2 protein chains.
Amino acid sequence: MEMSSRVSHMQSSPIRRLVPYANAARKAGKKVYPLNIGQPDIKTPKGFFNAIRDVDLEVLAYADSAGDATLIEAIQAYYKTYDMDFDQDEIIITNGGSEALLFAIITLCDPGDNIVVAEPFYTNYNGFASAVNVEVRGITTKAEDGFHFPAREEIEKVLDDKTRAFILNNPGNPTGVVYTAEEIKMIVDIAIDKDIFIVADEVYREFVYDGLDYKSFGNFPEAEDRVVIVDSVSKRYSACGARIGSLASKNKDFMGGVLKLCQGRLCVPTIEMIGATELYRTPVDYFKEVNDEYRKRRDTVFNALKKMDGVICEEPKGAFYVAVKLPVDDAEKFIIWMLSDFDYQGETLMMAPLEGFYASQGLGKNEARIAYILETGELEKAMKVLEEALKAYPGRQVI
Amino acid sequence: MEMSSRVSHMQSSPIRRLVPYANAARKAGKKVYPLNIGQPDIKTPKGFFNAIRDVDLEVLAYADSAGDATLIEAIQAYYKTYDMDFDQDEIIITNGGSEALLFAIITLCDPGDNIVVAEPFYTNYNGFASAVNVEVRGITTKAEDGFHFPAREEIEKVLDDKTRAFILNNPGNPTGVVYTAEEIKMIVDIAIDKDIFIVADEVYREFVYDGLDYKSFGNFPEAEDRVVIVDSVSKRYSACGARIGSLASKNKDFMGGVLKLCQGRLCVPTIEMIGATELYRTPVDYFKEVNDEYRKRRDTVFNALKKMDGVICEEPKGAFYVAVKLPVDDAEKFIIWMLSDFDYQGETLMMAPLEGFYASQGLGKNEARIAYILETGELEKAMKVLEEALKAYPGRQVI
């Protein structure tokens with residue numbers, strides 16, 4: 001009895017599949033810095049837990065398939081602060097950004113259709129797409145260019161008549177890129193020209209550094225019927241375990257399609273929606289503090305990486321990741337070696353190998369993603385470990 | 001810009017799509033008995049809310065993709081009471097039974113494959129399957145036979161070389177059928193003969209009446225590599241809003257495939273898993289009380305239906321639904337008429353039309369599902385409303 005071809009050919013998560021090596025390293029007494037996963041150590045705003053503590057229900061009943069009205073109202077108010085004006089029925093609550101992406105792909109694409117991403121891209125786009133027989137095509141962006149877009153012609157070459165949408169993450173995971181207003185406009189123009197959708201995964205919207213201007217895809221009235229905004233409380237409020245995401249769009253056909261899928265899975269958890277409503281009511285000061293902390297961490301990691309011989313990366317401007325080219329034969333092998341055969345004063349670290357973040361074969365083999373989700377003191381030590389590991393690694397290879 | 005064909009052709013939920021008519025009826029001052037949806041009024045065990053009140057976390061972090069180990073342990077212990085012995089890695093926690101079903105279908109079927117159900121079936125199987133381009137084929141069962149299976153030859157005729165699995169709900173929604181040990185054994189034999197899977201949706205396992213013997217598909221060692229058990233806390237503990245389900249199987253390839261899908265969506269909500277762990281630790285006395293209450297409700301509804309002229313149904317033996325053949329031209333039209341144009345002493349009721357619960361075209365047009373999820377006093381009044389409505393309906397038609 002074979003499993004389906006679509007699942008058999010699905011790669012296992014490059015973010016999570018090396019966890020057994022990390023567990024073995026910990027068992028062997030090593031301290032492992034978990035820089036593989038975007039799990040921040042930032043405290044979740046207390047409003048979430050307070051709201052849950054106050055829940056007074058006798059029957060934990062189904063919620064509306066589209067989500068609780070009060071949570072949707074809180075999200076409407078949040079969007080207003082970014083000059084985005086969505087009606088109540090233009091927002092649907094999902095099980096994390098993950099379900100938002102899956103439902104967007106199913107609603108837009110039939111089997112054999114494709115979506116276009118900027119590679120390296122958030123690797124789970126691939127998982128969602130291949131689970132439902134949709135192809136992911138990558139516009140290749142490079143560490144040397146800070147992962148900004150190539151020229152319009154290069155982008156258009158990737159599209160074909162089966163392309164239904166761009167799915168773009170801005171600020172970008174795994175690259176930390178923040179697209180310029182000109183880049184965003186170029187994508188909007190292409191989408192209009194080619195009559196396709198833009199699924200804008202903007203879950204890191206608040207994590208933009210150095211006073212850079214941030215332009216949302218939700219700010220283009222000329223494209224509002226083809227833009228879908230994906231959001232989540234996971235990173236925004238350090239509440240990854242809440243699994244509350246959302247889809248927002250002014251396209252009624254799109255929202256109608258998504259609602260059918262939502263009715264099939266009945267609803268999103270009630271308790272988590274109650275907590276998430278309070279998250280979206282968090283005073284904006286919260287972001288200033290958090291943003292400042294991440295910027296310090298970014299500086300710590302980037303300054304350390306710059307000094308490492310043979311390491312290539314540009315300063316990331318957003319999110320909390322940096323994608324680096326390493327002077328190694330194979331980043332996955334290198335990470336496994338660090339966990340299994342290396343330590344520096346009893347410590348080692350884990351990163352995510354980047355090959356699985358590319359749609360194009362053969363790219364990213366010597367690249368890795370570092371999530372700067374620990375305090376600066378810890379990150380300094382982790383970067384020291386990386387520096388020493390790169391010196392000691394038998395597969396060292398400078399390109 | 002068209003939406004995908006798979007979503008455009010998906011039916012909207014027959015359980016939920018008439019809600020706007022019910023809302024309008026309520027606005028017009030009518031009392032509406034909501035017998036359309038399996039939302040019980042039974043109190044959720046307090047352990048759920050107590051556990052959540054005690055949550056003391058600073059960071060609401062990602063959980064394991066497969067689910068919290070403590071919840072899985074609680075489910076293992078629960079299965080032992082049914083003589084089912086699953087290892088830790090043979091159980092995966094899902095976003096409700098809904099995600100369990102979706103992931104099972106994706107893992108077993110490629111586009112163009114089919115699953116075989118006993119129709120009328122839980123209508124959302126259709127939604128999940130069509131979202132991922134899998135066909136649903138129905139073994140027709142009839143109200144006159146209490147919705148038991150036809151002979152083996154009839155069942156085998158429905159299968160073809162694209163059939164990957166049975167998906168069977170036992171006790172059955174919408175029919176209330178409880179399959180006999182012989183029926184279950186027959187399905188197991190067919191699955192082995194035809195080398196296909198059995199996805200056993202046993203979320204109503206505790207809701208079996210009249211001291212009937214219940215046989216789980218998890219009790220056949222000869223088929224343990226092809227059986228997948230779907231479960232959920234929704235009905236079992238009246239916690240529909242928790243959205244905690246699970247998949248259990250001894251087939252390692254299957255569980256490996258599901259785990260890849262789980263890693264893609266990262267994890268299930270932490271807080272709800274903490275609550276659900278306490279649900280699975282609820283003393284078994286709870287079920288006796290609840291079972292007794294539902295049995296009384298079943299009696300109330302069934303006794304009333306028996307007396308209604310032209311209504312056909314057999315006594316349901318499990319779950320909390322009864323599927324009835326009505327003396328009307330079209331059950332959906334009748335329900336809309338009840339909500340829009342009828343009341344009995346200011347009251348009316350809502351049911352789910354059954355046509356959307358069939359895979360075969362043209363069946364179920366004069367059938368409806370009644371969920372007996374209110375107190376007996378309320379149900380008596382609701383049945384009186386139904387009796388009067390059937391007399392007054394202009395489209396009355398006795399077959």
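Chain naming here is simple, since letters A, B, ... match the order of the sequence lines and numbering starts at 1 in each. What you see is a predicted model, and the numbers here were worked out from it, not measured in a lab.
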Revision key, fill the gap. Test side-chain contact (heavy atoms from CB on, under 4.5 Å), reference Met1(B), set Asp225(A), Leu108(A), Ile196(A), output is Asp225(A)

Review point. With a 4.5 angstrom heavy-atom cut-off, which part of Gln11(A) approaches chain B: side chain, backbone, both or neither?
Key: backbone

Point to revise | Donor-acceptor contact present, side-chain Lys260(A) to main-chain Gly127(B), <3.5 Å | key: no

**Study point:** Side chain / backbone / both / neither for Asn50(A) at chain B, heavy atoms under 4.5 Å
**Key:** neither

Check your understanding: Contact part of Asn133(A) toward chain B, heavy-atom cut-off under 4.5 Å: side chain, backbone, both or neither?
Key -> side chain

**Study point:** Check: Arg6(B) side chain, Cys109(A) main-chain N or O, donor-acceptor pair, under 3.5 Å
**Key:** yes

Check your understanding: Run the side-chain contact (heavy atoms from CB on, under 4.5 Å) check on Leu57(B) and Thr44(A) step by step: do they pass?
Key -> CA-CA 9 Å; Leu57(B) 293 171; Thr44(A) 312; over 6 Å; no

Review point. Side chain, backbone, both or neither: which part of Asn251(A) has an atom under 4.5 Å from a heavy atom of chain B?
Key: side chain

Check your understanding: Relative to chain B, which of Asn126(A), Thr123(A), Thr107(A), Asp195(A) shows the most heavy atom pairs under 4.5 Å?
Key -> Thr107(A)

**Study point:** Straight-line distance of Met255(A) CE to Met3(B) CE, nearest 0.5 Å
**Key:** 11.5 Å

Check your understanding: What part of Ala131(A) is in contact with chain B, defined as an atom under 4.5 angstrom from a non-hydrogen atom: side chain, backbone, both or neither?
Key -> both

**Study point:** Structural part of Arg226(A) lying under 4.5 Å from a heavy atom of chain B
**Key:** both

Exercise for review: Please flag which part of Phe48(A) lies under 4.5 Å from any non-hydrogen atom of chain B: side chain, backbone, both or neither.
Suggested key: side chain

Check your understanding: How many angstroms lie between CG in Leu102(B) and CD1 in Ile106(A), if you round to the nearest 0.5 Å?
Key -> 6.5 Å

**Study point:** Which residues share a side chain to side chain donor-acceptor pair (under 3.5 Å) with Tyr62(B), sequence neighbours left out
**Key:** Lys235(A)

Study note, to complete from the structure: If you tally heavy-atom pairs under 4.5 Å between each of Ser65(A), Gly97(A), Gly96(A) and chain B, the highest tally belongs to Ser65(A)

Practice item. With sequence neighbours left out, write down each residue that passes side chain to side chain donor-acceptor pair (under 3.5 Å) with Ser98(A), or none if nothing qualifies. Key: Arg243(A)

Point to revise | Glu375(A) CD: over 12 foreign heavy atoms closer than 6.0 Å | key: no

Review point. Okay, side chain of Ser13(B), backbone of Gln263(A): is any donor-acceptor separation there less than 3.5 Å?
Key: no

Practice item. Please state whether the side chain, the backbone, both or neither of Val233(A) comes within less than 4.5 Å of a heavy atom of chain B. Key: neither

Practice item. Sort Phe128(A) into side chain, backbone, both or neither according to what part of it lies under 4.5 angstrom from a heavy atom of chain B. Key: side chain

Exercise for review: Considering only heavy atoms and a distance below 4.5 Å, find which of Gly275(A), Pro111(A), Ala239(A) pairs most often with chain B.
Suggested key: Pro111(A)

Review point. Picking from Lys46(A), Glu99(A), Arg164(A), which has the most non-hydrogen pairs under 4.5 angstrom with chain B?
Key: Arg164(A)

Practice item. Go through the atoms of Pro40(A) and report whether side chain, backbone, both or neither lie under 4.5 Å from a heavy atom of chain B. Key: backbone

Check your understanding: Under a 4.5 Å heavy-atom cut-off, does chain B meet the side chain of Ile15(A), its backbone, both or neither?
Key -> neither

Point to revise | Arg53(B) side, atom CZ; Asp56(A) side, atom CG - distance, nearest 0.5 Å | key: 7.0 Å

**Study point:** Part of Val268(A) lying under 4.5 Å from any heavy atom of chain B
**Key:** backbone

**Study point:** Engaged part of Asp110(A) at the chain B interface, taking heavy atoms whose separation is under 4.5 Å
**Key:** both

Check your understanding: With a cut-off of 6.0 Å (strictly less than), are more than 12 heavy atoms of other residues, nucleotides or ligands near CD of Glu222(A)?
Key -> yes

Practice item. Answer whether the closest heavy-atom distance between the side chains of Tyr237(A) and Leu60(B) falls below 4.5 Å. Key: no

